[in-house]
Amino acid sequence: MIASLNPQQQAAVTSASKHALVLAGAGSGKTRVLTTRMAWLIQTGQATPFGLLAVTFTNKSAKEMLTRLTSMLPINVRGMWVGTFHGLCNRMLRAHHRDAGLPQTFQIMDSADQLASIKRLIKAAGIDDEKYPPRDVQRFVNGAKEEGERPGDVDAWDAHRRRMVEIYQLYQDQCERESVVDFAELLLRSYELLQRNAPVREHYQRRFQHILVDEFQDTNRLQYRWLTLLAGGGASMFAVGDDDQSIYAFRGARVGNMAEFERDFAQGNVVRLEQNYRSYGHILDSANALIAHNASRLGKNLWTEQGEGEMVRVVEQPSDMLEAQWIVDEIKSSIDEGRMRSEIAVLYRSNAQSRVIEHALFSSGIPYKVYGGLRFFERQEIKHALAYLRLLDNPHDDTSWLRVVNFPTRGIGARTLEQLGDIAREQNVSLFRAVAHVPGKGGANLARFAQLIQHMAHEAQVLTLPELIEHVVHHSGLLEHYKADREGADRLENLQELVNAATVFMHEERYDDAPAGRAHDESGPDSITGEIVGMSPLAAFLSHASLEAGDNQAQAGQDAIQLMTVHAAKGLEFDVVFITGVEEGLFPHENSLLESAGIEEERRLMYVAITRARERLYLTLAQSRMLHGQTRYAMRSRFLDEIPEQHLKWLTSKEAGARREPWSGAFRRGDAYNRPGTGTVAPRAARSTALGVTVGDRHFRVGQRVRHAKFGEGTILNLSGAGQDAQARIQFADAGQKTLALGVAKLDAVA
DNA sequence: GTGTCGTCCTTTTTT
DNA sequence: AGGACGACAC
């Protein structure tokens with residue numbers, strides 16, 4: 001088990017110090033170390049499976065961990081606390097719902113549900129949604145919760161923020177009324193439960209003597225505190241992560257938690273896993289050189305025994321279309337060499353870039369798969385079916401109620417619903433409770449719907465979960481509705497798939513053929529441990545659906561080129577990787593430059609992208625690309641210049657076209673287009689503006705040095721638009737980046 | 001209730 | 001450019 005590990009991996013797995021921090025570089029066997037550590041703790045008798053707590057961020061890695069563990073040790077992993085932060089918190093809250101102040105049947109809202117809930121609240125409370133856009137409110141609420149702050153804790157220093165806090169409070173009241181919790185609430189509630197309830201806290205502190213955390217660089221403040229609290233009874237903490245791969249600051253992750261952990265817990269017990277088993281030398285050294293430009297790092301240098309391998313290939317094309325075409329041609333020859341299509345990935349910084357690449361692949365008849373689309377449990381028809389199921393468990397869930405009260409249509413219009421909403425608000429009750437007070441025909445229709453729900457809830461007491469879902473799909477009218485729809489065939493298929501998913505779920509959770517709505521075993525032998533949670537198959541399935549949205553890809557099976565954002569590629573690896581759009585403004589993204597430490601996160605993102613490649617890596621860029629309906633021109637990314645020449649092989653000339661240095665002297669127009677090898681000559685109109693724009697009698701070019709009366713000297717990073725509407729993004733030496741309208745701004749060329 | 005038109009936005013996203 | 005969503009008309 002341990003013998004096959006390298007010395008650093010062994011040191012990590014068998015670390016005898018109380019706490020340890022493992023700095024695990026990309027492709028260094030991180031998951032292996034984590035799972036072997038667990039197996040080793042159990043095998044050497046230092047821990048029982050029962051006494052381990054292992055936390056991950058995604059269901060996928062939790063599953064992977066359990067799979068590997070069972071392959072090493074013949075243990076029963078059922079009842080082990082291995083899962084995502086959210087999954088484990090849910091588990092804890094179900095077991096102690098009373099102590100946590102939650103009804104047993106509380107439902108979990110996903111982000112879309114949460115947004116709908118906030119929109120409804122803003123409308124009902126008559127709040128100006130221009131001043132308080134639902135998305136901003138959602139970000140504010142989640143941000144506060146991730147910092148561990150309730151409305152009363154938020155520092156509200158101005159009127160706008162004070163109002164935000166009020167809305168936050170209103171939202172909390174609404175959630176309470178409807179017995180629903182959002183993702184962040186799962187964590188915060190769990191944290192507060194542990195903090196306030198000594199018996200519960202001490203129970204878990206006693207139980208979990210070893211806490212293991214994966215992807216530690218992605219933890220937020222609340223998660224860190226949650227872990228700290230659980231470890232407060234003397235448990236050992238084993239944290240694995242890579243600060244260089246922290247790319248989720250925008251959603252609350254704090255890289256700083258790693259340094260904090262080292263200071264507060266590990267205290268020097270840091271193990272570095274630096275041997276890389278994935279990539280060849282040139283690729284790895286490129287990544288090392290790039291990331292060395294980041295100032296705030298714990299420090300780490302990857303190495304490999306695999307040899308140099310191929311150099312990193314760099315290609316610059318005149319346009320995004322030609323960039324895509326070039327990639328497709330290169331992919332073709334890779335396939336001709338006998339490579340699997342699924343071993344070739346095309347990565348991009350932003351989703352908008354995929355269109356052009358898809359188009360080129362499609363035209364060439366090459367199968368491809370785009371990751372990041374709608375996931376199974378997010379599909380409209382599935383959300384509808386789930387909304388019905390949720391109402392069976394909790395008819396006060398207004399979000400679900402409103403989703404299906406008139407879907408399929410049953411004569412309940414906006415007017416009736418407004419009436420219903422008014423009554424519910426007046427009496428401070430759920431929509432379900434308010435039904436009885438709506439007069440007239442609308443009231444009768446509502447009553448019929450309420451009866452339908454109650455009737456189906458009754459069925460839940462006798463039918464198994466798959467049977468119940470079939471029943472609901474049929475009697476709700478969903479079946480008929482989609483049958484009548486010309487394009488409903490796929491949706492019906494998905495609904496059938498939902499029934500199948502439920503069958504699998506029942507089997508996996510060992511519910512056998514228990515009725516869907518009947519609680520499993522209300523008072524288990526040890527109710528405080530949560531081992532027997534007392535959830536009905538229906539409730540458990542609904543949690544599952546919220547917490548695990550399903551696969552994030554189109555359709556599996558076929559051997560296809562893999563298309564995804566760099567973020568989505570984290571944790572994956574491919575023989576051949578194309579990193580596209582390696583341009584200033586795109587990668588690094590211009591918005592990131594406005595954020596503090598934004599550029600370092602972009603650099604880590606590039607580091608993640610590079611380290612996905614095993615054998616061959618391409619960096620591609622385009623001098624011009626279509627963005628928001630405008631053609632934009634950009635310089636090559638600064639990241640290209642941070643990789644030493646010795647690792648790069650330019651397949652197109654490095655000097656022509658978009659370059660980083662400001663132009664000095666004459667630049668021969670059209671060079672980039674007329675160079676042999678690119679194969680295409682751009683249309684005349686594009687050619688005349690490709691290198692710059694003309695505003696009145698003045699010419700501006702990308703890379704040109706300019707002086708502004710107020711901002712001082714700067715360099716034009718990119719140009720967009722034409723004539724009097726043309727805009728320039730300019731990096732000023734002192735004033736930072738600005739976007740200026742060239743028709744308005746007073747700019748002088750600097751010699 | 002359904003269809004059409006106009007407006008708005010556009011970095012990254014798991015749970 | 002292109003998609004999503006909301007307002008409005010039939």
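Order of the sequence lines fixes the chain letters, A, B, ..., with proteins taken first and strands second; residue numbering starts at 1 for each chain. Worth knowing before you read on, the calculation uses all heavy atoms, side chains too, and leaves out hydrogens, waters and symmetry mates.
Taking the side chain of A:Glu595 as heavy atoms from C-beta on, and the options B:dG1, B:dT11, B:dT13, the nearest nucleotide is B:dT11. Each of B:dG1, B:dT10, B:dT12 was ranked by its minimum atom distance to the side chain of A:Ser350; first place goes to B:dT12. Set against B:dT11, C:dA1, B:dT13, the side chain of A:His567 has B:dT13 as its closest nucleotide. Across B:dT13, B:dT12, B:dT15, the shortest atom-to-atom separation from the side chain of A:Asn59 is found for B:dT15. Among B:dT12, B:dT13, B:dT15, the nucleotide with an atom closest to any side-chain atom of A:Thr58 is B:dT15.
An aromatic stack links A:His589 and the base of B:dT11, using centre distance under 5.5 Å and interplanar angle under 30°. For A:Phe250 and B:dT12, the ring-to-base geometry satisfies the stacking test (centroid distance below 5.5 Å, interplanar angle below 30°).
The side-chain tip of A:Arg638 does not point at the ring of A:Phe587 from less than 6.0 angstrom away and within 45° of straight on. A:Arg251 forms a cation-pi arrangement with A:Tyr248, by the criterion of a distance under 6.0 Å to the ring centre and an angle within 45° of the ring axis.
The base of B:dT13 has none of its N or O atoms less than 3.5 Å from a complementary donor or acceptor on the side chain of A:Thr565.
Between A:Lys63 and A:Glu508, none of the side-chain N atoms (NZ, or NE/NH1/NH2) sits under 4.0 Å from a carboxylate O, so this pair counts as no salt bridge.
Separation of the P atoms belonging to C:dC5 and B:dT12 is 16 Å when rounded to the nearest angstrom.
At C:dC5, none of the side-chain N or O atoms of A:Lys119 fall inside 4.0 Å of OP1 or OP2 (strictly under the cut-off). Close to B:dT15, at under 4.0 Å from its OP1 or OP2, lies a side-chain N or O of A:Arg375. A sub-4.0 Å separation between OP1 or OP2 of B:dT12 and a side-chain N or O of A:Asn351 is present.
Crowding of A:Gln380 atom CD: a count of heavy atoms from other residues, nucleotides or ligands under 6.0 Å exceeding 12.
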